[in-house]
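For reference, positions follow the sequence shown, starting with 1. Order of listing sets the numbers, starting from 1, for every ligand and every atom in it.
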Amino acid sequence: MKAFLTIAFLYIITFIFAFTSNAVAPENLNKKNVIVLNAYHQNYHWADEIMRGIFTVFDDKKKVELFVEYMDTKRCSDSVYYEQLANIYKHKYNNVAIDAIIACDDNALNFLLKYRQEVFPDIPVSFNGIVDYSNTRLQGQKGYTGVHESFDLPANIRLIKKLHPKVKEIVFVSDLTESGKALIARMNRAVPQFENQLKFTYLINEDLEVVKSKISSLSDSSIIIWAIYMRLPNGQFMSSNESIYIIKETSQRPVYCIWDVVGQGVIGGKISPPFYQGYGAANKARQILAGISPDSISIDDTPILFKFDYNELKKFNIRESDLPEGSAIINKPFSFWAEYKLMIIGVFFAFAFLIALVFMLFYLYRKSKKDEVVILKRNQELKQISETLKQTNEHLQFAKYKAEESDRLKSAFLANISHEIRTPMNGILGFSSLLQMGGLDHEDELNYLQLIEKSGQRMVSLLNDLVDMAKIESGTLTLHKSTFNIKDLLKDIKDFYTPEAKEKNLELIVELNHESKDDTITTDKSKVEQVLVNLVKNGLKFSPGGHVKISYKNSPDTVTFFVEDTGIGIPEDELTIIFERFRQSYYSKDNTQQGIGLGLAISKEFVELMGGELKVVSKENEGSTFWFSVLKY
Ligand code: ADP
């Protein structure tokens, strides 16, 4: 992941850089020849970084040919050497048309100031890495431009004071190279403003042993500034790495720098990165190649910045938060958090948002589920209410029907009863008047008297029915048990109703059970008789011809009586209602028969009181069979 992101980052930077450098490139630049005169040598960090800056600007070899010359003056810098270098360059570039020279560091500039006209006559120069630049240095010279190295020594001293509040002494180590001299000069200018606060000790151009012995005994309140200490008084040269290593081996005190040797064992400081030296000088060389006169190109400062080594900061417990804002820190271990802080925060918020979204959706889902349950429950409740209302409605309809029925029955009852009273009454009154008028023969008189008696009996029967019904209604109906013989009872009924049957051309049959030896039962005889008579009378009443037959069946506990007729029958849907009070079969209505619809209702009550039940089977136009059982004891 890290590798991928790094490659992607480099790609983008390279692309942007390539784009911008192309953008500023003069379009009609023919291939130019530029000599880079580097005062030092390869693998010297400072010199390498300057070269990186130059290569960054001149990245297109088709347009510019760079001739790089390392003068190696750290190792050798006497006048003979320079003289010989001048001869070599003169010889080497005699036939090369040089368009510009980039001079890196003081020794290169000084060389050109002395030999340019002889070796590279009138070739414009862009310089860099000039430590202590002043205008006087180029006085009377033409064809020079460039950048100089910026320094801010007071800022470095203030930084040391801030990071090491207990500091009392600053030990300044330098050689007497051109760079060293320039740095000493700058230090001398900076010191006065701190003189009352700090002691400054200078180890200038000292032998290595002297330096070592002095710094080995430094107190805890001393800090070292490694200015530049690469050439020893005996002319021996050390690399910056070697020099810093020796110092750190000798002293445990923190070492700061004032130019870019960060990464070689120093804590750091406010420095001028060599990259910008090379980059700045190369850009000015481009302007020269584009035809601009070097004398009209300004000589500028280069950026300076705070740069530190993470390992050294850790070693001396210096917190990053105490460093100046915008400080660059090298050797810092890769921190995923530090590197991708914004991305992590973005991803975190995106996740938080998604999680919140998921929770919200879950909440809404749960709520909708709950609502669904509530709605279902409400629905069920409504269904129940609707069902209850439906039932109530049905009950009301039924009650209404019952009320109407009751009203209709009441009217029918009143009409019937008035008919049932008026008919025999008229008979009694009519025949009584005829008898009173006299002049009748004896047979007629007898006939009329019989009719009057029949009418009276009919009225008595009606009254008896009403009294029985009243008793049933009031719950005062009781049994008067006696032991009697069934056969005797049935014979009596046959004898009594045969004449009436004959009158209607009907045969009244009584089927006695001759095999039965004991036909005596103990129950309410008058009620058994009343039920039988009622059934026989109905059979006679509703049978236009044929017969009415009475039979019975004995069983150990009960006796069952059957009354069968060959009459008009009863429709199936009326087989139940005929047992209700004042109800008469619709079918029998056409027959203008007597009755008010109480006989079967009273009979049913009597039978049930005697421990039995009253039933009927019937077929229209064929006849009916009523039967009822009673307990024998
Ligand atoms: P009533 O005979 O006084 O009308 P019941 O209660 O005895 O009253 O009979 C009720 C009704 O039952 C009768 O009006 C008649 O419609 C029907 N019914 C009873 N017995 C018979 C029968 N044997 N054949 C046909 N219909 C009958």
Please verify whether a non-hydrogen atom of [X] lies at under 4.0 Å from ligand 1.
X: Phe579; value: no
X: Lys541; value: yes
X: Gly597; value: yes

Exercise. If you take all heavy atoms of Lys162 and Asp322, which pair is closest and at what distance?
Worked result: NZ-O, 2.6 Å
For this session: Starting at CG of Leu540, measure out to NZ of Lys502 and round the result to the nearest 0.5 Å.
Result: 13.0 Å
Problem set entry | Sub-4.0 Å atoms of ligand 1 with respect to non-hydrogen atoms of Arg583 | 10 (C), 11 (C)
Exercise. What are the atoms of ligand 1, with element, lying closer than 4.0 Å to any heavy atom of Leu598?
Worked result: 6 (O), 8 (O)
Got a list of side-chain donor-acceptor pairs under 3.5 Å for residues 477-484, not counting sequence neighbours?
unit_1, atom_1, unit_2, atom_2, d
Thr483, OG1, Thr522, OG1, 2.8

For this session: Answer yes or no: is there a side-chain heavy-atom contact under 4.5 Å between Ile602 and Asn534?
Result: no
Residue portion contacting ligand 1 (non-hydrogen atoms closer than 4.0 Å) for [X]:
X: Asn538; result: both
X: Leu535; result: neither
X: Lys537; result: neither

For this session: Nearest heavy atom to atom 23 (N) of ligand 1 wins, so pick from Leu600, Asn534, Asp565, Ile578.
Result: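 Heavy atom nearest to atom 23 (N) of ligand 1 belongs to Asp565.
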Exercise. Looking only at N/O atoms, are Gly599 and ligand 1 under 3.5 Å apart anywhere?
Worked result: yes
Exercise. Do Lys367 and Asp371 meet the salt-bridge criterion of a basic N to acidic O distance under 4.0 Å?
Worked result: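 Here Asp371 pairs with Lys367 in a salt bridge, since their nearest N and O are under 4.0 Å apart.
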Problem set entry | Short N-O contact, Lys454 and Glu503, less than 4.0 angstrom | yes
Name each donor-acceptor pair under 3.5 Å that joins a side chain in residues 383-394 to protein atoms two or more places apart or in another chain, with its distance.
unit_1, atom_1, unit_2, atom_2, d
Thr388, OG1, Gln384, O, 2.7
Thr392, OG1, Thr388, O, 2.5

